[in-house]
J.: 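Can you keep this structure in mind? I'll have questions shortly.
As a basis for the values below, the full set of heavy atoms in this structure was taken, side chains included, without hydrogen atoms, waters or symmetry mates. Order of listing sets the numbers, starting from 1, for every ligand and every atom in it. Positions are given from 1 along the sequence.
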Amino acid sequence: MKRLVVVSNRVADLTKTAQAGGLAVGLADSLRQRGGVWMGWDGQTLKYEEEPEPRIRKIGEVIQATIPLTEQDYAEYYLGFANSVLWPLFHYRLDLVEYKTAFLEGYRRVNAKFANALVSTLQPDDLIWIHDYHLIPLAAELRQRGCKQRIGFFLHIPFPPPEILAAVPRHRWLVECLLKFDVVGFQTQTDLNNLLRYVEDHLGCELLPDGRVKTRERVVIAGCYPIGIDVDSFVAMAEQPNDEVQIETKRREILGRRQIIGVDRLDYTKGLPDRLRAFARLLEMYPEMRKSVALMQIATPTREEVEAYIDIRKELEALSGEINGRFADFNWTPVRYIHGTVPREALAALYRASQVGFVTPLRDGMNLVAKEYVAAQSMDNPGVLVLSKFAGAAEEMHEALIVNPYDVDDMARNLCRALTMPLDERQDRQRALMDRIRKHDAANWLNSFMAALEKGEIRREED
Ligand code: ADQ
């Protein structure tokens, strides 16, 4: 079996994988079986003139290789090109793109640093798997250094239509970089189609009948590999009793109250302000819902140095205060807004104790919260998933109540429908959704991508 080399912006903590999510666990297991390397930034910013050697740690059969960045790299590559250009651009938010030439230079410089650090650890037979938008030029950099190994890329976030992509300078270069990989994987068919349309219209590439892209140098497999969760381990976690959540749930049961739950990184792509407005609209449109339902929104802070993230935090705090001010009673708080992270075990128990999972991103690569919510439900009395049509997950999770995250009234109506849905319909939907998340679980994602990378297998479009 060939060794696997995984590269991502940050490295998962390989000593703590038992508590981590399905993605990190799956990749780490695969690395352990095959032996391999996981390389990424160590999260530190240091002052240096000469690039330091990567820091190597051996954890069982896996080598962890990390490099530090400079303050300038962090500002231009991470906060700049990755999170102020590519992140908004790929989420169709041209209004939030802040393009600067220095950001592009920083992005190229850091990708070159990754390549320099990586080449010294590579063996001729390695399979290299690069993750996400931070590292699009990495295959090109590696090829320049003589790397002949098979290299795959998986994009965790959406890929925009050519009309949006073309608005950013150097868009052609970005896509040409993607075509230096042997395999390019996307979350959904929509993302894949966007790439295919671009390479055909802007680069004049030939699309082969089996779906591969022919360039002057190589034939690239471009495929759709929807990411999933480790369903069984999430089910097991949700079935574990959690004292604090149980006490809270009992109290709600006595009072006859239901709970709607939202769990997200605090990001403008997640549609949080309109989600809160939709909940307020539910209370307006259906006054009988007052005092009988509450919204718990857990939002983990991220990228707090980027302006757009400071704004969204302020907006949400103001909105939750406003809704509570308007509707709260001495013994009922309609919105519980938690600005922080909840441990995974508590999260699983909270999903299970909530009658509605409310997942309304304006645009999302996949959205694993939607899948976790379904995995956490009990078949005896399952909750209902209300899901944005713009989450990648909506391409497969048809039995959720699918909503338009820009339409507050539509979301309010569907919340009401979810809260009043009869048991047999909830069970039918739950059964079908469980089948789907099992079919597209973390192992399936990993195996199908690895089959393309290792054996050149082409994945056929499924239902
Ligand atoms: P994210 O944008 O981070 O991921 P998501 O897929 O929902 O979005 O994954 C978030 C993970 O973090 C989930 O496992 C969730 O449980 C956890 N999480 C989120 N908020 C939390 C909180 N407040 N407390 C505790 N845990 C929390 C990116 C893309 C997605 C894509 C994934 C995987 O943006 O579209 O699905 O990568 O490819």
J.: Hey, is ligand 1 close enough to Met366 that some N/O pair sits below 3.5 Å?
T.: yes
J.: Atoms of ligand 1 less than 4.0 Å from Thr300 heavy atoms?
T.: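 Checking each atom against Thr300, I get 20 (N), 21 (C), 22 (C), 23 (N), 24 (N).
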J.: With atoms numbered from 1 as shown, which atoms in ligand 1 lie under 4.0 angstrom from a non-hydrogen atom of Leu347?
T.: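 Once the distances to Leu347 are compared, the set is 16 (O), 25 (C), 26 (N).
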J.: If you measure every N/O of Gly365 against every N/O of ligand 1, is any gap under 3.5 Å?
T.: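 Yes, Gly365 has an N/O under 3.5 Å of an N/O on ligand 1.
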J.: Roughly how far apart are Arg352 CZ and Tyr373 OH, rounded to 0.5 Å?
T.: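 Between Arg352 CZ and Tyr373 OH, I get 11.0 Å after rounding to 0.5 Å.
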J.: List ligand 1 atoms under 4.0 Å from Gly340, heavy atoms only on the residue side.
T.: 23 (N)
J.: Walk me through whether Ile67 and Asp42 qualify under side-chain contact (heavy atoms from CB on, under 4.5 Å).
T.: CA-CA 6 Å; Ile67 56 165; Asp42 63 9; over 6 Å; no
J.: Trp38 and Ser8: side-chain donor and acceptor closer than 3.5 Å?
T.: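 A pair is found: one side chain offers a donor N or O, the other an acceptor, under 3.5 Å apart.
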J.: So which of Leu350, Asp264, Ile229, Ile227 gets nearest to atom 19 (C) of ligand 1, if we judge by its closest heavy atom?
T.: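 That would be Asp264.
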J.: Which option out of Lys371, Glu372, Lys270, Arg265 puts a heavy atom nearest to atom 8 (O) of ligand 1?
T.: Lys270
J.: With sequence neighbours left out, what residues match Glu176 under side-chain hydrogen bond (donor to acceptor under 3.5 Å, both in side chains)?
T.: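 In terms of side-chain hydrogen bond (donor to acceptor under 3.5 Å, both in side chains), with neighbours along the sequence ignored, Glu176 is linked to Arg172.
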J.: Arg109 and Glu76: salt bridge (charged side-chain N to carboxylate O under 4.0 Å, His left out), yes or no, with the steps?
T.: CA-CA 10 Å; Arg109 184 175 64 243; Glu76 294 173 355; 3.0 Å; yes
J.: Polar-atom distance check: Val342 versus ligand 1, any N or O pair below 3.5 Å?
T.: yes
J.: Counting only nitrogen or oxygen atoms and a 3.5 angstrom limit, does Leu368 reach ligand 1?
T.: yes
J.: Relative to the heavy atoms of Val369, which atoms of ligand 1 are at a distance of less than 4.0 Å?
T.: 7 (O), 15 (C)
J.: Indicate yes or no: does an N/O atom of Asn367 lie under 3.5 Å from an N/O atom of ligand 1?
T.: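 Between Asn367 and ligand 1, an N or O pair is found under 3.5 Å apart.
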J.: My understanding is that only one of Leu282, Leu319, Leu272 makes a side chain to side chain contact (heavy atoms under 4.5 Å, CB included) with Arg277; could you say which?
T.: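 The single option meeting the side chain to side chain contact (heavy atoms under 4.5 Å, CB included) with Arg277 is Leu319.
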J.: I'd like to know whether ligand 1 has Ala391 as a neighbour, heavy-atom separation below 4.0 Å.
T.: no
J.: Counting only heavy atoms, tell me which of His156, His91, His131, Arg363 gets closest to atom 37 (O) of ligand 1.
T.: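 Of the listed residues, His156 has the closest heavy atom.
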J.: With Asp126, which of Lys2, Arg3, Arg34, Arg150 fulfils side-chain hydrogen bond (donor to acceptor under 3.5 Å, both in side chains)?
T.: Arg3
J.: Do any N/O atoms on Asp364 end up under 3.5 angstrom from N/O atoms on ligand 1?
T.: yes
J.: Under 3.5 Å, sequence neighbours excluded: what are the donor-acceptor pairs made by side chains of residues 234-247?
T.:
{"from": "Asn242", "atom 1": "OD1", "to": "Glu244", "atom 2": "N", "distance (Å)": "3.3"}
{"from": "Asn242", "atom 1": "OD1", "to": "Val245", "atom 2": "N", "distance (Å)": "3.2"}

J.: Strictly by modelled atom types, are Thr188 and Asp191 linked by a side-chain donor-acceptor pair under 3.5 Å?
T.: yes
